Amino acid sequence: MRVKVIVESLDQDGIKSRSENTAVIFKENEGYRLTYSEDLSGEGKLTKTTMHITPSELRIIRRGELITDFIYGEALIHNTSYETPFGIIPITLITESYEFTDKLHESDKGQINISSSYTLDMGDSLMPPASMNMNISILQEEFQ
């Protein structure tokens with residue numbers, strides 16, 4: 001099934017961003033797996049994004065121009081790296097809150113909502129808190 005993924009973020013500098021992609025979603029044991037490709041830099045270089053979503057955590061894996069493996073979950077500390085064409089940055093992702101609502105299969109307008117607040121420790125630099133809201137909804141064309 002195809003879904004629309006909207007991610008709205010407020011970064012540590014107070015800058016809002018919004019992305020919208022169409023993904024393929026698969027039901028897994030405790031949650032879902034979504035996959036899609038996106039042009040993160042706007043230069044035509046595609047990055048494959050895979051999300052594993054469960055009631056307790058969200059894992060976002062990107063492979064392509066940028067390489068990341070971030071895990072968000074209630075009171076979770078995740079050590080990882082952020083790999084760019086310019087180098088690798090060690091990151092500690094500290095999730096303060098994680099909320100998950102699954103109403104995807106309740107109707108043809110069903111959706112999944114995820115909200116998370118987190119802090120990034122990039123090397124020796126602790127960033128101010130940031131937040132992310134994600135809405136995953138069934139594309140209406142799936143029912144036509």
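What you see is a predicted model; the values in this text were computed from it and never measured.
- A donor-acceptor pair is defined here as one N or O able to donate and one able to accept, closer than 3.5 Å; no such pair exists between the side chain of Asn113 and the backbone of Thr101.
- More than 12 heavy-atom neighbours from other residues, nucleotides or ligands sit within 6.0 angstrom of CD on Glu74.
- Under the 3.5 Å distance criterion, the side-chain polar atoms of Arg63 are left unmatched by any main-chain donor or acceptor of Thr50.
- With respect to Tyr36, the side chain to side chain contact (heavy atoms under 4.5 Å, CB included) criterion is satisfied by exactly one of Asn21, Val3, Leu46: Asn21.
- Residues Lys27 and Met1 fail the side-chain proximity criterion, which asks for heavy atoms closer than 4.5 Å.
- When the shell of 6.0 Å around OH of Tyr82 is examined, it contains 12 or fewer heavy atoms from other residues, nucleotides or ligands.
- The closest donor-acceptor contact from the side chain of Asp102 to the backbone of Leu104 lies under 3.5 Å.
- The backbone N or O of Ser56 sits less than 3.5 Å from a side-chain atom of Thr54, completing a donor-acceptor pair.
- Between Arg18 and Glu20 there is a salt bridge, with a side-chain nitrogen of the basic residue lying less than 4.0 Å from a carboxylate oxygen of the acidic one.
- The shortest distance between side-chain heavy atoms of Ile25 and Arg2 does not fall below 4.5 Å.
- Between the side chain of Thr80 and the backbone N or O of Asp69, at least one donor-acceptor pair lies under 3.5 Å.
- Counting all heavy atoms, side chain and backbone alike, Pro90 lies closest to Ile88 at CD-O, 3.9 Å.
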